[in-house]
Amino acid sequence: MATNGTINNLLVLYPSLGMGHLVSMIELGMLLIRQGFSITIPIVDPPYNTGATAEFLAGVSAANPSLSFHKLPPVTPSPDNTSPHHEALTFEVLERSNPGLLSCLHTASPRALIVDFFCSCAMDVAKELKIPCYLFFTSGASVLALFCQIPVLHKSSSKSFRELGREFLSVPGIPPLPANHMPLPMLDRDDKAYEGFVTMSESIPDYDGIIINTFKSLEPRVVDAISSGKCVPPGRPTPPIYCIGPLIKSDEKHGGRDCLSWLDKQPKLSVVFLCFGSLGRFSAKQIKEIAVGLEKSGQRFLWVIRSPPNPEKLFEKLPEPDLDILLPEGFLKRTSDRGLVVKSWAPQIEVLRHDSVGGFVTHCGWNSVLEAVIAGVPMVAWPLYAEQWMNKVFLEEEMKLAVAVEGYDGELVAADEVERKIKWLMESDGGRELRERAVAVKEAASRAVAEGGESYSALVELVTILKGT
Ligand SMILES: O=c1ccn([C@@H]2O[C@H](COP(=O)(O)OP(=O)(O)O[C@H]3O[C@H](CO)[C@@H](O)[C@H](O)[C@H]3O)[C@@H](O)[C@H]2O)c(=O)[nH]1
């Protein structure tokens with residue numbers, strides 16, 4: 001493919017606020033730069049703490065001067081937005097940022113705008129600029145299929161997804177999904193965030209194309225269902241689909257070298273890694289249950305612990321965890337020959353790629369899933385928020401890459417269940433089969449992005465269209 005860039009090949013990539021949404025959008029930017037485009041990334045000023053995002057962005061911008069970041073003017077959310085879900089604030093802040101986005105792009109003449117799904121309101125800006133607007137979907141095709149159906153599901157019942165509970169939702173291409181597995185902010189119909197998700201979903205057919213961070217052979221059934229128009233509401237068009245993944249973060253600048261040195265000393269495939277995304281937090285009670293389960297499992301482990309959530313400081317940065325208070329007395333000493341606890345953050349990609357890691361207990365965030373896929377590591381699925389309950393179902397029932405924790409009683413997963421699932425993954429025949437499947441999918445992922453592979457071909461197609469627009 002041609003790689004000679006010109007100023008006329010400007011694309012604007014518009015990410016949402018959270019780390020999980022930024023990482024793959026940045027990688028998409030780097031990929032498109034290698035195809036001869038120049039990239040501008042407008043960044044909204046979040047009215048709440050977004051964890052390690054600011055630090056991550058500073059690192060990316062220093063290491064990649066070819067990505068041009070533009071901070072948009074801060075906006076003030078309305079005092080009426082009382083939803084407890086940060087997604088409601090995200091939708092509102094992005095909508096209020098449209099004038100700032102428009103003035104940032106007015107003189108730039110970009111070829112196209114590529115937006116995160118939270119940024120669907122920016123379609124109005126693309127219309128004003130008379131340029132095409134593409135969706136970059138940072139989760140998998142299975143979740144996209146479900147999002148395409150939200151307008152249909154919304155109209156088909158007056159009950160909330162919470163009220164529908166374990167009743168199954170039926171969507172082409174994906175396994176039946178219990179209604180209460182919808183993202184938390186979608187469970188109640190009168191929540192501001194619910195409204196945002198419905199509006200966002202209604203606009204999906206209006207995009208000029210949808211770029212998905214997946215590869216077709218990971219989710220073949222659902223990619224076919226979407227492409228053949230079965231997932232959008234009746235009478236609405238399906239935009240062209242480009243599965244160009246897996247795209248994972250290439251830049252790891254968060255430190256955490258000590259845990260890599262510790263992994264160097266462990267036997268091959270012996271360590272289970274527990275890490276729950278950029279936002280995952282457990283109550284103090286749950287942390288103790290995990291500790292007891294891990295200890296009883298007898299397995300080697302590397303465990304990233306964060307401070308428990310503080311309901312009064314939902315959007316604020318929390319202090320480092322106090323392990324003396326959080327862990328059972330003597331736990332660290334008793335497990336010191338086979339376990340390591342890391343506070344707040346570990347270099348996850350490097351950890352997963354390390355030879356000694358044989359299993360991953362994950363919250364099922366899509367970046368974490370793809371990072372495990374690329375490393376060929378089987379998973380224990382422990383969903384916490386966002387679309388992770390759905391990902392758990394897809395990982396276990398469709399992709400066959402994970403076993404799910406069960407027995408969540410609304411408050412706790414008991415130590416026995418933690419012990420059972422970790423032992424199953426690391427010691428049982430079933431766990432070994434899962435590992436073999438993970439290795440096969442890892443190979444499929446590397447074939448997909450290699451020259452001539454399915455994701456490579458989708459990228460060629462996308463680049464051709466973008467250059468022609
Ligand atoms: O100690 C840590 C914790 C996280 N990470 C990285 O942080 C990213 C986390 O991304 P992800 O696994 O996708 O989780 P979230 O940050 O929770 O991502 C949000 O965005 C994703 C993409 O849309 C969704 O799939 C998730 O459900 C949503 O919560 C990954 O690259 C991890 O490698 C680390 O490097 N070290």
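No hydrogens, no waters, no symmetry mates; every other heavy atom, side chains included, goes into these values. Atoms within a ligand are numbered from 1 in the order they appear, just like the ligands themselves.
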| query | With respect to P185, which candidate in Y194, F197, Y385 satisfies the side-chain contact (heavy atoms from CB on, under 4.5 Å) definition? | reply |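 One option only clears the test, and that one is F197.
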
- Between F282 and W382, is the gap from one ring center to the other below 6.0 Å?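 Yes, close enough.
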
What atoms of ligand 1 come closer than 4.0 angstrom to any heavy atom of [X]?
X: E371; answer: 30 (C), 31 (O), 32 (C), 33 (O)
X: C275; answer: 1 (O), 2 (C), 3 (C)
X: A386; answer: 27 (O), 29 (O)
X: G277; answer: 3 (C), 4 (C)
X: W366; answer: 13 (O), 24 (C), 25 (O)

Judged on heavy-atom distance to atom 20 (O) of ligand 1, which of G20, S368, P347 sits nearest?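 Closest candidate by heavy-atom distance is G20.
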
Query raised in the report: Considering only heavy atoms, which of S278, A346, S344, P183 lies nearest to atom 16 (O) of ligand 1?
Result: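 Looking at heavy atoms only, S278 sits closest to atom 16 (O) of ligand 1.
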
Item to check | Test log, rule side chain to side chain contact (heavy atoms under 4.5 Å, CB included), inputs F37 and L31 | outcome: CA-CA 9 Å; F37 293 100; L31 190 65; over 6 Å; no

Contact check, side chains of F394 and V222, non-hydrogen atoms, under 4.5 Å: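 Not in contact.
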
Exercise. Are any non-hydrogen side-chain atoms of Q35 and L459 less than 4.5 angstrom apart?
Worked result: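 The answer is yes, as the side chains (C-beta and beyond) meet within the 4.5 Å cut-off.
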
* Flag, side chain of R338 to backbone of E295, donor-acceptor distance under 3.5 Å ->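 Pair found, side chain donor or acceptor close to backbone of E295.
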
Practice item. Consider every N or O of T138 and every N or O of ligand 1, then say whether any pair is closer than 3.5 Å. Key: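 Yes, at least one N or O pair falls under 3.5 Å.
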
Checklist entry - Side chain, backbone, both or neither: which part of M390 comes within less than 4.0 Å of ligand 1 when only heavy atoms are counted? => result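 Under 4.0 Å from ligand 1, M390 contributes no heavy atoms.
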
*Does Q348 approach ligand 1 within less than 4.0 angstrom via side chain, backbone, both or neither, non-hydrogen atoms only?*
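Under 4.0 Å from ligand 1, Q348 contributes backbone and side-chain atoms.
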
Next item on the list: Work out whether the distance between some heavy atom of R306 and some atom of ligand 1 is less than 4.0 Å.
Entry: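 Yes, that is the case, since the closest heavy atom of the residue is under 4.0 Å from the ligand.
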
Discussion item. Is Y385 close enough to touch ligand 1? Criterion: a residue heavy atom under 4.0 Å from a ligand atom.
Written reply: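 Yes; Y385 lies near enough to ligand 1 that a heavy-atom distance drops under 4.0 Å.
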
Locate the shortest heavy-atom distance separating P328 from V292; write the atom from each residue and the value.
->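 So the two residues come closest at CG-CG2, 4.4 Å.
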
K421/E417 under salt bridge (charged side-chain N to carboxylate O under 4.0 Å, His left out): CA gap, chis, key distance, verdict
CA-CA 6 Å; K421 288 292 150 68; E417 172 66 1; 2.7 Å; yes

